[in-house]
Chemist: 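Shown below is the structure under consideration.
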There are 2 protein chains.
Amino acid sequence: MSEQELSTEKTILEAAKKVFLDKGFDGARMQEIADKAGINKALLHYYFRSKDKLFDAIFEEAFKQFLPNISEIMISNKPIEEKVRAFVSSYIDMLLKNPYLPVFVIRELQRKPDAIVEILKKSKINPIQVALTLKQHTEDGQIIDISLPHLIVNMIGLCVFPFIGRPIIEGFLFNNNTEAYNAFLLERKTLVADFILNAIKLK
Amino acid sequence: MSEQELSTEKTILEAAKKVFLDKGFDGARMQEIADKAGINKALLHYYFRSKDKLFDAIFEEAFKQFLPNISEIMISNKPIEEKVRAFVSSYIDMLLKNPYLPVFVIRELQRKPDAIVEILKKSKINPIQVALTLKQHTEDGQIIDISLPHLIVNMIGLCVFPFIGRPIIEGFLFNNNTEAYNAFLLERKTLVADFILNAIKLK
DNA sequence: GTGTAATTTTGCCATTTGGTTAAACTATTT
DNA sequence: AAATAGTTTAACCAAATGGCAAAATTACAC
């Protein structure tokens, strides 16, 4: 009983994740989720009361995964070069494993912008601490003076954008050569770090 | 007749653009478009046969607008510094005027990935020419050796990402202070160019 | 003004879709 | 094995939605 129950629930969540990530909330159909899970549609409502509830379960998980743990990496004592390389490499790795995450999160946050307020309450990110560490690097003469938001946006943007814009970039710059594009994404694990460090390091 | 007809059609297109950009194809409702245009729903079908057709009209226009004319700027004889500044500034300007464009285009391309193939046929971008110009800059000792795709992705990504990720960034790094975020976006017109030039210029 | 073509509205239909209810089935307990 | 609780399915419903046909209205030509 217990293991059967859990297994069904997980099966549903797995199928729901696939469908929601691919189609979005508005495009997703409960019937399609049920089919993909190989179960009856009514079972979805038995385990999760509604489409909204089922979606919320998926979204919360996805959002947590998408948000990079910048604080953790940036607050350590390591030199800035090491920090940037560690962040870029690990974040691109995550994206390679979950390439649809960014579009999904962004799409759904546009649909219900108030959701971000709820999420903010639960989260406990501390930008101030990171900003202080960053200022220290600047004062040590390691990097130029750059505000934390700009640096963070630049770092994340450089990592994420090729995944968000994949269909366009792959089409226009790679003639829809998927293999070549995968190689391109891998290259970026070091190239993006080099790019950022060149941009911010004092020489 | 003629001016009335055109006016109605334009009214519809305007309303449709707002709704589609905000809600996406799946979330958009013909009734909502009709309401926003202040007309009867059946009129939508009179001017555009179906929801699909109406959407296509909006999407094609939006996509053209979204795609930056990199070639034009990059092929000129100006020094690389001027090129980068010109591109970044003009592209961010366009995004400031059309902040929802990126999410819309990306969202809809995920829904129908084959659309990109059709678009590619119509477009006439010539990456080779741009790549040659870039190589010239490298050989002139102005910039580091970087592949065209990486450079383009970096440039566009740095411009576009703050618009795509706005709800998240504004929430986490700006405490949902919209004014502050607008200022942040404006700052980027010069900051991003500086960042890129620092990253690629040989010193 | 009258007739004709274009435009707009009303009213409606067929399909889709999230959700519910009651029945059927399974496992567990006693 | 009988009863009970938990799980799954089949059948169905009401609301929403894209689309359509025909009537009504407007604009225009003559």
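Atoms considered below: every heavy atom in the structure, side chains included; atoms not considered: hydrogens, waters and symmetry mates. Chain A is the first sequence line, chain B the second, and so forth, proteins listed ahead of strands; every chain is numbered from 1.
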Chemist: Residues two or more places apart in sequence or in another chain: which of them pass ring pair (Phe, Tyr, Trp, His ring centres under 6.0 Å) with B:F195?
Modeler: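 If we apply the ring pair (Phe, Tyr, Trp, His ring centres under 6.0 Å) test to B:F195, skipping adjacent residues, there are no hits.
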Chemist: Under the rule for ring pair (Phe, Tyr, Trp, His ring centres under 6.0 Å), what residues qualify as partners of B:F161, not counting sequence neighbours?
Modeler: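 None.
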Chemist: Return each pair, listed once, that meets side chain to side chain donor-acceptor pair (under 3.5 Å) where at least one residue sits in residues 12-29 of chain B; pairs must be two or more places apart or across chains.
Modeler: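 For residues 12-29 of chain B, and leaving out neighbouring residues, the side chain to side chain donor-acceptor pair (under 3.5 Å) pairs sorted by first residue read B:K23-B:E32.
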Chemist: Can you tell me how far P of D:dT8 sits from OH of A:Y46, to the nearest Å?
Modeler: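 Whole-Å distance recorded here is 7 Å.
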Chemist: Summarise protein proximity over nucleotides 15-22 of chain C in one line of letters, 5' to 3': B for base, S for sugar-phosphate only, - for none, counting protein heavy atoms closer than 4.0 Å.
Modeler: --SBBB--
Chemist: To the side chain of A:T8, which of C:dT8, C:dT9, D:dT8 is closest?
Modeler: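 Of the candidates, D:dT8 comes closest.
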Chemist: Could you go through residues 54-62 of chain B and list every donor-acceptor pair under 3.5 Å that involves a side-chain atom there, pairing it with any protein atom two or more places apart or in another chain?
Modeler:
{"residue": "B:D56", "atom": "OD1", "partner": "B:K112", "partner atom": "NZ", "Å": "3.3"}

Chemist: For DNA chain C, which residues in residues 53-61 of chain B have a heavy atom at a distance below 4.0 Å?
Modeler: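 None - not one residue of the stretch has a heavy atom sitting under 4.0 Å from the strand.
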Chemist: Can you check the B:L43 CG to D:dC20 C1' distance for me, whole Å?
Modeler: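 After rounding, the gap between these two atoms is 14 Å.
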Chemist: Please enumerate all residues that pass side chain to side chain donor-acceptor pair (under 3.5 Å) together with A:R85, with sequence neighbours excluded.
Modeler: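 Partners of A:R85 under the side chain to side chain donor-acceptor pair (under 3.5 Å) test: A:E81, A:D194.
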Chemist: So do the side chains of B:K64 and B:I119 get within less than 4.5 Å of each other, counting heavy atoms only?
Modeler: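 B:K64 vs B:I119: side chains apart.
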Chemist: What residues form a ring pair (Phe, Tyr, Trp, His ring centres under 6.0 Å) with A:F184, not counting sequence neighbours?
Modeler: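 Ring pair (Phe, Tyr, Trp, His ring centres under 6.0 Å) check on A:F184 returns A:F174, A:Y181, B:H150.
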Chemist: Could you name each residue pair satisfying ring pair (Phe, Tyr, Trp, His ring centres under 6.0 Å) that touches residues 114-135 of chain A, not counting sequence neighbours?
Modeler: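 Listed once each, the pairs would be none.
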